[in-house]
Amino acid sequence: MASIAPVIMLVSGDRTDFLLDEFGRYVRDYELVPALSSEKAVAISAELAQSGREIALFVVDVQLPDSTALEGISALRATVPTARRLVIAHRDRFLVDAPTIRPVMATGLLDAYLLMPQGPRDEEFHTAITEMLSEWTSTIAAPEVEMVQIVATGKEPLTMAIRDLVARAGLPHGMHTPDSEVGRQILSEYQLRHSEPGTLPVVSAPVRELLISPKSAAEVATYLSSRPEDLPPGTVVDLVIIGAGPAGLAAAVYGASEGLTTLAIEADAIGGQAGTSSMIRNYLGFPRGVSGMRLAQRANQQAVRFGAGFFSGTTATGLSCDADSRLWTIASDRGEVQARAVVLASGVAYRRLGVPSVEELAGRGVYYGSAMTAAREMADSHVIVVGGGNSAGQAALHLAKFAAQVTIMIRRSGLSDTMSQYLIEEIAHSARIRVQPSSAIVDGGGDGWLQYVDVKNLIDGSVARHDAQGLFLLLGAVTHTDWLPESVCRDEKGFILTGRDVPQEFWVDGLPPENLATSAPGLFAVGDVRAGSMKRVASATGEGASVVPLVHDWLVATSDFR
């Protein structure tokens with residue numbers, strides 16, 4: 001049975017017919033619903049929401065007969081917070097209303113302010129529309145086409161981890177119970193192939209001819225990717241990048257584009273921690289914002305186009321360099337790779353809360369990171385986000401589209417020292433988000449699923465219990481660099497030292513290593529794993545690009561590389 005198309009609502013007084021005609025190109029996949037006033041738009045959208053219909057986009061004329069565009073958008077956001085929101089203006093009004101409309105964009109009330117289409121094939125306008133619909137589809141809507149199908153009984157931690165991983169890999173997926181028609185078919189096919197029943201969850205990816213009963217999410221990533229063990233024996237590449245977050249992806253793009261044979265090893269999904277961000281609004285070149293998943297997938301495709309290879313679901317476990325050949329050997333849980341140079345871009349992980357009763361519910365209402373897939377499960381729930389960085393702010397704003405209430409809990413007195421101003425402003429203007437300062441979680445529990453947390457007031461020491469169905473922990477950065485050889489200098493927290501931060505006994509001829517070079521010749525570090533990095537996506541990609549000339553110079557100086 002065909003699914004019901006999501007709605008694009010067009011709100012205008014006297015330009016409704018024009019907008020219906022202009023948006024006609026979308027009628028195959030969306031239903032166009034006109035509304036002649038703000039009041040009617042709110043009534044229609046409420047009725048659609050109550051009947052279970054999805055609204056993908058509100059398009060609101062800057063001139064409405066019964067309210068201002070901002071008043072109309074505000075009412076519509078309260079009715080359907082998951083829809084993208086756009087204000088458009090006729091050329092006679094565009095510059096006149098811009099001083100009022102544009103400052104409000106920083107509050108998150110609307111996603112874009114655009115000039116109405118100026119004629120046939122106004123592709124600049126429709127590029128913006130397509131981008132907004134694309135982000136809505138990838139972060140809000142249930143997928144129409146399932147590239148991956150998961151057979152499971154419910155919200156088991158492993159199932160949620162797999163769903164989150166394939167979502168961050170940009171693969172639309174669906175979950176099916178064992179007694180559903182799709183579930184029965186997949187389990188029957190599994191038994192025919194493997195001659196035994198599969199232990200749930202069972203993952204099917206027909207495009208990859210994949211049908212497995214995995215023990216971990218990383219196993220799924222491995223099967224969806226190539227593996228080091230697949231390389232021909234004796235393969236030596238110019239550059240291996242350990243980590244495929246923004247810094248590693250940038251290094252892969254620039255390394256491969258400069259003619260270096262380049263491989264990237266990623267323990268999780270491509271994109272790393274940044275790939276979990278629901279919406280990054282301050283990244284250069286994306287005026288309407290971009291999800292971390294979308295940014296990572298575009299960079300991945302760009303690097304692959306230049307010839308880079310990626311091994312996801314592969315964890316680096318060892319690193320050594322032969323003194324004679326100067327070749328690096330990178331050991332992993334999926335085999336070894338040899339390279340002439342190595343870039344460490346492994347990023348950081350979120351710090352553990354360290355409360356045993358809460359840790360026991362990991363994957364059952366308690367999540368480390370933004371857990372994009374889990375956010376959809378939080379409809380009408382009370383959710384707590386612990387953390388004061390940008391990732392926490394982005395997670396809270398995304399969760400507020402689904403949850404009834406979101407509390408950002410921090411140990412500090414406010415967010416200004418740790419979070420970008422644009423996120424602080426968006427949070428301040430969200431009716432569903434509140435900030436609770438000077439607080440720490442000291443206990444929690446529930447019957448198989450998180451139901452409450454105990455919160456300590458760090459000022460007076462009192463403890464209060466709060467109902468919570470979701471707890472998202474984004475607690476700051478910790479490194480995992482203990483697998484590196486002792487010759488790689490690190491600070492007291494494990495972050496890798498580069499350039500002038502490297503101790504002088506490792507300098508050569510009284511000169512420090514290059515800015516992104518480590519204490520081990522031929523080994524470089526970029527992004528969040530490097531001591532002194534800014535912990536921002538833009539700075540990470542800048543370092544990833546900047547390291548490639550240093551790698552190239554190293555290769556020229558130490559081999560017959562040309």
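- To the nearest 0.5 angstrom, M9 atom CE is 14.0 Å from L86 atom CG.
- Surrounding CD of E156 are more than 12 heavy atoms belonging to other residues, nucleotides or ligands, all under 6.0 Å away.
- By the 4.0 Å N-to-carboxylate-O rule, E31 lies close enough to R53 to be salt-bridged with it.
- A ring-centre distance under 6.0 Å is not found for Y350 and Y368.
- Judged by distance alone, with hydrogens and angles left aside, the side-chain atoms of T235 form no donor-acceptor pair with the main-chain N or O of L231 at under 3.5 Å.
- R288 contributes atom CZ, which lies 8.0 Å from atom OG1 of T127 (distance to the nearest 0.5 angstrom).
- Classification of the Y26-Y30 ring pair by plane angle, with boundaries at 30° and 60°, yields perpendicular.
- Tested against I408, the residues I433, V386, L399 include a single side chain to side chain contact (heavy atoms under 4.5 Å, CB included) partner, I433.
- The list of salt bridge (charged side-chain N to carboxylate O under 4.0 Å, His left out) pairs with a residue in residues 267-278, not counting sequence neighbours, reads R168-D268.
- The backbone N or O of I427 sits nowhere less than 3.5 Å from a side-chain atom of S430 that would complete a donor-acceptor pair.
- Side chain of T222 to backbone of G313: a donor-acceptor contact under 3.5 angstrom is found.
- In this structure, a donor-acceptor pair under 3.5 Å is absent between the side chains of H398 and T139.
- Residues W328 and R340 come closest through the heavy atom pair CD1-O, 3.9 Å.
- The side-chain tip of R334 does not point at the ring of F311 from less than 6.0 angstrom away and within 45° of straight on.
- Here the straight-line distance linking atom CZ of R77 with atom CZ of R432 works out to 9.5 Å at 0.5 Å rounding.
- Looking at S225, its side chain never comes within 3.5 Å of a backbone N or O of A221 through a donor-acceptor pair.
- Side chain of T315 to backbone of D333: no donor-acceptor contact under 3.5 angstrom is found.
- Counting non-hydrogen atoms of neighbouring residues, nucleotides and ligands closer than 6.0 angstrom, the CD atom of E229 exceeds 12 such neighbours.
- Of the inter-residue distances, the one linking E135 atom CD with L57 atom CG reads 13.0 Å to the nearest 0.5 angstrom.
- The minimum heavy-atom distance between S45 and L76, with the atom names listed, is OG-CD2, 3.7 Å.
- For the atom pair M175 CE and T373 OG1, the distance stands at 10.5 Å (nearest 0.5 Å).
- S277 places no side-chain N or O within donor-acceptor distance of the main-chain N or O of I280, the cut-off being under 3.5 Å.
- Side-chain contact of E146 with Q149: a donor-acceptor pair under 3.5 Å is present, judged by distance alone.
- Residues meeting the side-chain hydrogen bond (donor to acceptor under 3.5 Å, both in side chains) test with R84, sequence neighbours left out: D111.
- In this structure a side-chain-to-backbone donor-acceptor pair under 3.5 Å is missing from T541 to A247.
- Residue E359 qualifies as enclosed at atom CD: its count of foreign heavy atoms under 6.0 Å is above 12.
- To the nearest 0.5 Å, atom CG of residue N390 and atom CZ of residue R281 are 13.0 Å apart.
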I'd like to know whether L344 forms a side-chain contact (heavy atoms from CB on, under 4.5 Å) with L484, so could you lay out the CA-CA distance, the side-chain angles of the two residues, the decisive distance to 0.1 Å, and finally the verdict. CA-CA 10 Å; L344 296 169; L484 293 171; 3.9 Å; yes

Should V342 and I242 be marked as a side-chain contact (heavy atoms from CB on, under 4.5 Å) after you check the CA-CA gap, both sets of side-chain angles, and the distance that decides it? CA-CA 8 Å; V342 176; I242 300 175; 3.9 Å; yes

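- The minimum heavy-atom distance linking S291 with S278 is given by the pair CB-O, 3.3 Å.
- A side-chain donor-acceptor contact under 3.5 Å links T481 to the backbone of G494.
- Other residues, nucleotides and ligands contribute more than 12 heavy atoms inside 6.0 Å of the CD atom of E196.
- Residue Y254 places its OH atom among 12 or fewer non-hydrogen atoms of other residues, nucleotides or ligands, all under 6.0 Å distant.
- Classification of E123 and R25 as a salt-bridged pair holds, one side-chain N sitting under 4.0 Å from a carboxylate O.
- Under a 4.0 Å N-O distance rule, the pair E131/R294 does not qualify as a salt bridge.
- The closest donor-acceptor contact from the side chain of S138 to the backbone of S134 lies under 3.5 Å.
- Judged as a side-chain hydrogen bond (donor to acceptor under 3.5 Å, both in side chains), and not counting sequence neighbours, R298 has no contacts.
- Not one N or O on the side chain of E336 forms a donor-acceptor pair closer than 3.5 Å with the backbone of S332.
- Between V383 and A403, the shortest heavy-atom distance links the atoms CG2-CB, 3.7 Å.
- What you find for F310 and A252 is that their closest heavy atoms are CZ-CB, 4.0 Å.
- Here the closest non-hydrogen pair linking R352 and L475 is C-CD1, 3.9 Å.
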